[in-house]
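The next block holds one structure in the form of structure tokens; read it before the comments.
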Amino acid sequence: MNSTKVILVTYPDEFSIQEAKSLVESSPSSTAAPQPQIVKVFTQKYLNHSQYGLGSGKAEEIKDFVKQSKADQIVVDEHLTSKQIHNIEKLTEVQVIDRERLILNIFHSRATTTEAKLQIELAEVKYEMPRVRENAKLTSGSTERPGKGGMGEYTVDVKFRDLKRRIKEKLADAHLKRELYRQQRLKTKMPIVSLIGYTSSGKTTLFNMLTSEYKEVSSSLFTTLSTTTRSFRINNKSDKQGKESSVLLVDTVGFISRLPHYMIDAFKSTLEESLAADLILLLIDASEKFEDIKIKYESCWNVLDELKVDRSKVFVILTKCDGIIDSSERIGSIADDLIINNPIAISSKTGYGIHKLKTMIRSNLHSQSPSREDQSSERVKIVPSAGAGV
């Protein structure tokens with residue numbers, strides 16, 4: 001069966017184009033085909049016009065191309081209201097999805113654990129609620145309940161609120177179970193190291209390498225959605241007999257730019273465990289373009305700063321250094337550009353820099369003074385980020 005033919009509409013800068021392409025290529029196809037096919041990329045500086053999101057001239061241009069190419073779907077790399085989606089679909093006569101719907105589709109295809117599925121379901125409710133409400137207002141004969149303000153409260157609001165409440169209750173139960181597991185781990189006094197970073201920065205590859213696990217690794221975005229914790233061993237410098245000590249390593253969902261508050265809010269509990277770690281390793285893909293590295297690095301720090309993460313616990317690790325020509329020079333340039341002192345460069349595929357990474361982990365864990373019992377009562381306050389996402 002043929003692939004779904006997709007027309008992509010995004011911003012004109014190279015970073016937005018490449019990220020939008022990756023999102024489309026990572027999304028599940030609406031047909032049995034394994035991957036959608038992007039047949040044309042349209043760019044526009046502003047995607048916030050009232051009628052279509054994109055400008056009316058661009059919309060007409062896309063309409064003509066749809067007829068010519070027989071495209072199946074239009075993806076707009078920005079938030080659209082249900083009215084804007086309806087207007088584009090009416091004009092072009094093909095399915096239209098926006099950036100948020102696209103990310104939710106990817107989340108759906110990647111979720112494996114019960115908690116991840118619940119978190120996505122909660123994000124779905126928050127995505128759909130304003131759209132269903134808007135459609136209800138436009139539908140004649142919609143049932144209203146008297147409310148304190150404006151047009152009153154529609155029955156869809158009541159149903160969505162009840163569904164949201166039940167999902168949150170289930171998530172609270174899942175969070176409680178995970179918190180109990182966390183408390184048990186704290187009693188073992190094993191330090192915790194967390195891997196964070198932009199999606200596809202190499203977190204799971206490093207996780208597998210250190211823990212001898214076989215978690216799925218893919219070039220697609222959001223391969224990892226739920227938190228996984230495993231132990232790995234490092235040499236104990238304080239032990240004269242050279243014995244090794246165990247460390248818990250946490251792998252979780254990656255960050256991405258321009259993710260709305262409600263999606264971050266849905267993944268709060270997943271992030272909380274990572275950000276409460278003793279050490280946080282912020283992974284940056286060193287093989288990418290300098291411009292892309294800077295955008296992703298700043299996006300990650302926007303999230304961390306808004307989540308009130310202690311900067312002293314965060315160490316930047318430059319990954320995927322095996323395929324870099326003149327790696328020393330490039331690593332130095334990246335470090336200078338991002339103002340990183342003594343960067344650690346690694347390759348999870350070849351093992352380059354892993355010994356240095358373990359030495360850094362061991363030294364910093366050994367130098368920390370707070371006991372695990374003291375940390376057991378600490379909590380990370382999660383605040384939704386305005387500029388970037390999980």
Side-chain angles (χ1 to χ4, degrees), residues 13-16 18-20 22-23 26 99 103 106-107 192-207 219-225 227 249-261 263-268 270-321 331 333-346 348 357 360-361 364 380-390:
D13 63 280
E14 189 62 25
F15 179 83
S16 295
Q18 293 305 318
E19 182 168 272
S22 296
L23 284 170
S26 299
R99 179 183 175 88
I103 292 174
I106 298 172
F107 282 178
I192 300 175
V193 176
S194 176
L195 303 178
I196 64 168
Y198 213 83
T199 182
S200 297
S201 59
K203 299 183 300 300
T204 302
T205 304
L206 177 58
F207 180 87
S219 58
S220 298
L221 305 185
F222 301 114
T223 303
T224 299
L225 282 184
T227 298
L249 189 66
V250 180
D251 182 29
T252 191
V253 64
F255 300 155
I256 194 168
S257 63
R258 293 192 287 127
L259 204 65
H261 290 178
M263 286 193 191
I264 301 170
D265 187 57
F267 281 88
K268 280 199 300 188
T270 298
L271 287 170
E272 184 177 20
E273 186 170 0
S274 296
L275 302 179
D278 300 283
L279 290 182
I280 299 173
L281 306 184
L282 172 55
L283 272 56
I284 300 294
D285 183 351
S287 67
E288 295 185 311
K289 297 178 181 177
F290 282 109
E291 297 82 2
D292 294 353
I293 290 173
K294 190 168 185 177
I295 292 171
K296 292 182 178 183
Y297 182 72
E298 290 175 354
S299 180
C300 289
W301 272 114
N302 286 340
V303 177
L304 294 174
D305 286 340
E306 295 214 25
L307 295 178
K308 311 299 181 186
V309 173
D310 181 358
R311 278 180 169 252
S312 67
K313 296 197 302 183
V314 181
F315 294 82
V316 178
I317 310 299
L318 302 179
T319 64
K320 304 184 184 182
C321 295
I331 296 304
S333 298
I334 294 172
D336 291 341
D337 193 37
L338 302 182
I339 315 177
I340 304 170
N341 295 322
N342 302 317
I344 293 181
I346 67 167
S348 300
L357 174 63
M360 182 276 289
I361 292 172
N364 283 279
V380 176
K381 183 179 180 182
I382 305 295
V383 181
S385 166
V390 296

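Expressed to the nearest 0.5 Å, how far NZ of Lys203 lies from CZ of Phe255 amounts to 8.0 Å. Once rounded to the nearest 0.5 Å, the distance linking CG of Leu338 with CG of Leu318 reads 7.5 Å. Between Tyr297 atom OH and Asp337 atom CG the span is 10.0 Å, to the nearest 0.5 Å. Once rounded to the nearest 0.5 Å, the distance linking CD1 of Ile317 with CG of Leu206 reads 8.0 Å. The distance from atom OG of Ser200 to atom CG of Leu283, rounded to the nearest 0.5 Å, is 12.0 Å. For the atom pair Leu195 CG and Thr204 OG1, the distance stands at 8.0 Å (nearest 0.5 Å).
For Asp305, the salt bridge (charged side-chain N to carboxylate O under 4.0 Å, His left out) criterion is met by Arg311, not counting sequence neighbours. Considering only residues two or more places apart in sequence or on other chains, Phe290 meets the side chain to side chain contact (heavy atoms under 4.5 Å, CB included) condition with Arg330, Ser333, Ile334.
In this structure a side-chain-to-backbone donor-acceptor pair under 3.5 Å is present from Ser22 to Gln18. Within the 3.5 Å criterion, the main-chain N or O of Ser201 finds a donor-acceptor partner in the side chain of Thr319. Here the side chain of Asp278 pairs no donor or acceptor atom with the backbone of Val193 at under 3.5 angstrom. Tyr198 places no side-chain N or O within 3.5 Å of a backbone atom of Ile293 that could act as its donor or acceptor partner.
Between Arg99 and Glu19, at least one side-chain N (NZ, or NE/NH1/NH2) sits under 4.0 Å from a carboxylate O, which counts as a salt bridge.
Just one residue in the list Asp285, Ile346, Ile284 forms a side-chain contact (heavy atoms from CB on, under 4.5 Å) with Lys320, and that residue is Asp285. Between Phe315 and the options Leu357, Ile344, Leu281, Ile340, a side-chain contact (heavy atoms from CB on, under 4.5 Å) holds for only Leu281.
Of all heavy-atom pairs between Ala277 and Ser194, the closest is CB-CB, 3.6 Å. For the residue pair Phe207 and Leu249, the shortest heavy atom distance occurs at CE1-O, 3.3 Å. Between Leu282 and Gly197, the closest heavy-atom pair is CD1-CA, 3.8 Å.
No more than 12 heavy atoms of other residues, nucleotides or ligands sit less than 6.0 Å from atom CG of Asn342.
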Could you walk me through whether Val314 and Val309 pass the side chain to side chain contact (heavy atoms under 4.5 Å, CB included) test, one step at a time?
CA-CA 8 Å; Val314 181; Val309 173; 4.0 Å; yes
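Between Cys321 and Ile331, the closest side-chain pair of non-hydrogen atoms falls below 4.5 Å. Side-chain contact check for Phe15 versus Lys296: some heavy-atom pair is nearer than 4.5 Å.
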